[in-house]
Amino acid sequence: MKDKIDSIIEEINQFSIEDTQALEKFRIQYLGTKGLLKDLFGELKSVPNEEKKEVGLLLNGLRTIAEEKYNTFKETLDAPKATASSIDTSRPGEDSSVGSRHPLMLVRSEIIEIFNRIGYTVSEGPEIEDDWHNFSALNFPPEHPARDMQDTFFIQNEGEEMALRTHTSSVQVRVMENQKPPIRTISPGRVFRNEAISARAHCFFHQVEGLYIDKKVSFADLKQTLLYFAQEMFGEKAQIRLRPSYFPFTEPSAEVDVSCSICNAKGCNVCKNTGWLEILGCGMVDPAVLEACGIDSKEYSGFAFGMGIERITQLKYKVNDLRLYSENDVRFLKQFTGSL
Ligand code: PHE
């Protein structure tokens, strides 16, 4: 009986199945109701008792081999063949959606381009800063209350206290320390302030700060540069106004408003019926800052300004909640598809 089983296994392995007819022949011969396996299981009765268990196991193994062979061939023979005629060449292609640039990056590039046209280069610096570059060189004395204007995140780095930069003025300090005037540069980048997150404030945002240092740079140059920027950004009709302000690193200092482009300065809820929107801070670089960075303040003067990219984007695209910029909601981001 055992020999018989062995030779049948051999037979099954040799059996060639090339088409469905051969497959059917195989099924009838081995697995059918009158097939070989049925006969063999019938013969099990006459096997002596002590061999029954072993022969039974062998027969089960044989059945598995036959069934597996049958199933494998059935699957391959049943599988639809991709013939030329089964491919529908008229079916429309599948859409692959195009991504979009982030609105803040669109506006960042636009600001950079506007200043590139009047000779400003781009400079970048580290987001984790030491006290000197973020504060001291910029005329913030230790314990000076002006440090409270910018709620700073401090971190420990190898025992040294470092700050997450609160403005990119820190980059301008680095530029002044390393370059000789004339200097004309803007520094775009991410900055951090310890503020509660709301529609109007976030713990990080983006700035572009500008610096111009040369002989005889005047406040009139600053005003004209900012007017040029406002008109390039918001259209020819844009007007600016300067209000006196205070920053430790500029003297005199001003805050700059641009005429509201949403209501054409007629008054709306965005400009709170004033017709004006605040967009940046600026001033003449304090001589103490020039000296701290190794520039002779008797020979050179300069101006600086700084703006938030979120604020400009908000006005340009009429976005009223700052949180939208960092939540990655595709319904928001998709609206900028196709913009360059
Ligand atoms: N650094 C200031 C801020 O972050 C902005 C500023 C830059 C003001 C340059 C004046 C001159 O608020």
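Every number for a ligand or one of its atoms is a count from 1 in the order of the listing. Heavy-atom basis, side chains included; hydrogens, waters and symmetry copies ignored.
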(request) Using the six-membered ring wherever Trp is involved, compare the ring planes of F336 and F332 and label them parallel, tilted or perpendicular (cut-offs 30° and 60°). (result)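 Because their plane-to-plane angle is over 60°, the rings of F336 and F332 count as perpendicular.
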(message) Does the plane of the ring in F303 sit parallel, tilted or perpendicular to the ring in Y212? Use 30° and 60° as the thresholds.
(response)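 The rings of F303 and Y212 stand perpendicular, inter-plane angle above 60°.
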(message) Does the residue F303 have a heavy-atom contact with ligand 1, meaning some pair of atoms that are separated by less than 4.0 Å?
(response)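 In this structure, F303 fails to qualify as a contact of ligand 1 - no heavy atom is under 4.0 Å.
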(request) Consider every N or O of H167 and every N or O of ligand 1, then say whether any pair is closer than 3.5 Å. (result)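 In this structure, H167 places an N or O atom under 3.5 Å from an N or O of ligand 1.
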(message) I'd like to check whether R193 has a polar contact with ligand 1, where a contact means an N/O of the residue lying under 3.5 Å from an N/O of the ligand.
(response)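 Between R193 and ligand 1, an N or O pair is found under 3.5 Å apart.
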(message) If you take the nearest heavy atom of each of E255, M284, Q172, E209, which one is closest to atom 7 (C) of ligand 1?
(response)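 Shortest heavy-atom distance from atom 7 (C) of ligand 1: E209.
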Enumerate the atoms of ligand 1 whose separation from the nearest heavy atom of [X] is less than 4.0 angstrom.
X	answer
Q207	3 (C), 4 (O)
S169	1 (N)
C282	8 (C), 10 (C), 11 (C)
G306	6 (C), 7 (C), 9 (C)
F249	1 (N), 2 (C), 6 (C), 7 (C), 8 (C), 9 (C), 10 (C), 11 (C)

(request) May I ask you to check whether H167 and F249 place their ring centres under 6.0 Å from each other? (result)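 When the ring centroids of F249 and H167 are compared, they turn out to be within the sub-6.0 Å range.
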(request) Calculate, to the nearest 0.5 Å, the distance between atoms CD1 and CG belonging to I128 and L164 respectively. (result)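 It is 6.0 Å, given to the nearest 0.5 Å.
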(message) With rounding to the nearest 0.5 angstrom, report the CZ to CG distance, F305 to L226.
(response)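 The CZ atom of F305 sits 6.0 Å away from the CG atom of L226.
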(request) For ligand 1, indicate whether the residue F305 contacts it via side chain, backbone, both or neither (heavy-atom separation under 4.0 Å). (result)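 Within the 4.0 Å criterion, F305 contacts ligand 1 through backbone atoms alone.
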(request) Please name all residues satisfying salt bridge (charged side-chain N to carboxylate O under 4.0 Å, His left out) with R184, sequence neighbours left out, ordered by chain then number. (result)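 Once residues adjacent in sequence are excluded, R184 has no partner under the salt bridge (charged side-chain N to carboxylate O under 4.0 Å, His left out) criterion.
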(request) State whether K2 and E51 are salt-bridged, where the test is any N-O pair (Lys NZ or Arg NE/NH1/NH2 against Asp/Glu carboxylate O) under 4.0 Å. (result)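 No salt bridge links K2 with E51.
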